[in-house]
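Quick caveat, the model's predicted, so the values are computed rather than measured.
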Amino acid sequence: MITEYYGNDSYVVLPDEIEGEPVTILGDYAFSRNLSVEEIWMPLELKEVGRYAFYRCRNLRKLVLGNRLLDMGGGALTGCHLEEVEIYLQDGKKSCLKSIVEEMRYQMRIYLHAPEGGQEAKLLFPEHYEEAVENTPARILETHHHGVGGYYRQCFYDRELDYRKYDEMFYHTVAEDIRGDGSGTALNRPDGSRQKLSDKNRQGYEEYLKKHMTAVAKWTVKQEEVEGIRFLQRRKLWTGTIFTGGNGFRGRR
């Protein structure tokens, strides 16, 4: 067990072994209130993360881990703002991804790596949040849900992501796309995924990309999505002049 990290590095790789024994547990509050850490690579044999392990690690942006860890301890990511998670699938398709995305309300990019090497899937979970609004006449508090990310966080069965259900949630994104989530979702899912898309869902993603190409192009530049740009070129989805922005960038087919 690793009980505490007290360094000041921004990039941390936890050891797979200590004195010949595999590291399988990260203790309670192990990284709590550490403001310097931004990226952590966890041991692939890790099976348990304690309560509030990353409590108020406000600069933590990325976690890399294996899928022998199936759940995070209570409040493990409280006060964090994770943006990216990579999971190496070693034993089946179950992982702790469900507990991570349920605790994080922010937009997150997810990379799943296949056991035999290569990329299993690249996904985007949009942002969502809940707001308590007082209904004064009824003297009750009503919960209002905002953002489409809540739908995507329901696409799990027994700790395994249901790709078909994930793809079907895209109609919510199209209908409620206020924050520009559609560009990232439509681009990430079909790009380089080993998880086969149905013809219907692939067509839906590509039609969205064609229809919103200006927004998609701006998103790829902002996110520095080089692979995304290559995907659009391979699929011949660029159409005409894409955009001219104040940043001096002009895109063409």
Side-chain angles (χ1 to χ4, degrees), residues 1-91 94-115 117-127 129 149 153 159 184 188 192 220-228:
M1 175 194 290
I2 293 177
T3 58
E4 182 181 4
Y5 174 76
Y6 50 85
N8 294 310
D9 296 319
S10 60
Y11 177 87
V12 177
V13 179
L14 298 179
D16 289 321
E17 296 183 351
I18 295 177
E19 297 181 356
E21 296 293 331
V23 174
T24 61
I25 303 173
L26 184 64
D28 297 349
Y29 294 93
F31 278 83
S32 68
R33 299 179 184 273
N34 188 305
L35 299 182
S36 59
V37 65
E38 298 176 16
E39 180 174 339
I40 302 174
W41 285 61
M42 311 245 262
L44 289 178
E45 296 295 324
L46 197 69
K47 296 178 181 178
E48 182 180 335
V49 168
R51 296 176 303 111
Y52 299 99
F54 308 104
Y55 176 65
R56 295 186 70 179
C57 291
R58 293 177 178 170
N59 295 311
L60 181 61
R61 295 292 180 264
K62 181 176 179 179
L63 283 179
V64 182
L65 61 153
N67 75 325
R68 294 195 172 122
L69 175 67
L70 296 180
D71 289 297
M72 290 277 189
L77 297 168
T78 300
C80 298
H81 190 157
L82 272 183
E83 296 175 353
E84 190 172 319
V85 174
E86 290 190 43
I87 298 179
Y88 287 83
L89 302 175
Q90 307 163 88
D91 300 319
K94 295 180 182 181
S95 72
C96 67
L97 179 59
K98 182 178 186 291
S99 63
I100 292 176
V101 297
E102 283 182 345
E103 193 163 347
M104 287 287 97
R105 69 175 183 84
Y106 306 102
Q107 176 179 285
M108 298 181 63
R109 299 169 74 178
I110 310 297
Y111 300 88
L112 301 177
H113 300 285
Q119 187 168 271
E120 174 88 359
K122 182 167 65 171
L123 309 160
L124 186 132
F125 279 79
E127 182 179 9
Y129 67 95
R153 284 158 174 81
R159 300 186 181 90
N188 276 272
T220 58
V221 172
K222 182 179 179 180
Q223 300 293 328
E224 299 181 355
E225 266 283 352
V226 177
E227 290 303 317

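To the nearest 0.5 Å, atoms CZ (Arg68) and CE (Met42) are separated by 14.5 Å. Taken to the nearest 0.5 Å, the CD atom of Gln107 stands 6.5 Å off from the CD atom of Gln223. In this structure, NZ on Lys47 lies 6.5 Å from OG1 on Thr24, to the nearest 0.5 angstrom. Note: Leu70 CG to Arg159 CZ = 5.5 Å, rounded to the nearest 0.5 Å. Considering CG of Leu69 and CD1 of Ile87, their distance stands at 8.5 Å, rounded to 0.5 Å. Rounded to the nearest 0.5 angstrom, Leu35 CG and Arg58 CZ are separated by 6.5 Å.
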What do the steps show when you test Glu84 against Met108 for side chain to side chain contact (heavy atoms under 4.5 Å, CB included), and what is the final call?
CA-CA 6 Å; Glu84 190 172 319; Met108 298 181 63; over 6 Å; no
From CA spacing to verdict: side chain to side chain contact (heavy atoms under 4.5 Å, CB included), Tyr52, Thr78
CA-CA 7 Å; Tyr52 299 99; Thr78 300; 4.0 Å; yes
Begin with the C-alpha distance, continue with both residues' side-chain angles, and end with the deciding distance and a verdict on side chain to side chain contact (heavy atoms under 4.5 Å, CB included) for Glu45 and Asp16.
CA-CA 7 Å; Glu45 296 295 324; Asp16 289 321; over 6 Å; no
Could you go step by step and tell me if Arg109 and Leu124 meet the side chain to side chain contact (heavy atoms under 4.5 Å, CB included) rule?
CA-CA 5 Å; Arg109 299 169 74 178; Leu124 186 132; 4.1 Å; yes
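The only option from Leu46, Leu63, Asp71, Leu65 that meets the side-chain contact (heavy atoms from CB on, under 4.5 Å) definition with Cys96 turns out to be Leu65. Here the rule is side-chain contact (heavy atoms from CB on, under 4.5 Å) with Ile110, and of Asn188, Ile100, Leu97 only Leu97 fits it.
Looking at every heavy atom in both residues, Gly27 comes nearest to Ala53 through O-CB, 3.9 Å. Between Glu120 and Ala114, the shortest heavy-atom distance links the atoms OE1-CB, 3.6 Å. Ala76 approaches Gly50 most closely through the heavy-atom pair CB-O, 4.0 Å. Across every non-hydrogen atom of Leu82 and Tyr106, the tightest pair is O-CB, 4.4 Å. Closest approach of Val101 to Arg153, counting heavy atoms only: O-NE, 2.7 Å. Looking at every heavy atom in both residues, Ser36 comes nearest to Gly7 through OG-O, 4.0 Å.
Using a 4.5 Å cut-off on side-chain heavy atoms (C-beta onward), Phe54 and Ile40 make contact. Within the 4.5 Å cutoff, the side chain of Glu38 has no heavy atoms near those of the Tyr11 side chain.
Classification of the His113-Tyr88 ring pair by plane angle, with boundaries at 30° and 60°, yields parallel.
More than 12 non-hydrogen atoms from other residues, nucleotides or ligands lie less than 6.0 angstrom from NZ of Lys62. Residue Glu224 places its CD atom among 12 or fewer non-hydrogen atoms of other residues, nucleotides or ligands, all under 6.0 Å distant.
Looking only at distances, a side-chain donor or acceptor of Asn67 sits under 3.5 Å from a matching main-chain atom of Asp91. For the pair Gln90 (side chain) and Leu44 (backbone), a donor-acceptor distance under 3.5 Å is present. Proximity of a side-chain donor or acceptor of Asn59 to a complementary backbone N or O of Val37 within less than 3.5 Å is not detected. Side-chain atoms of Asn34 never come within 3.5 Å of backbone atoms of Cys57 as a donor-acceptor pair (strictly under, hydrogens ignored).
Salt bridge present: Glu83 and Arg61 bring a charged side-chain N and a carboxylate O closer than 4.0 Å.
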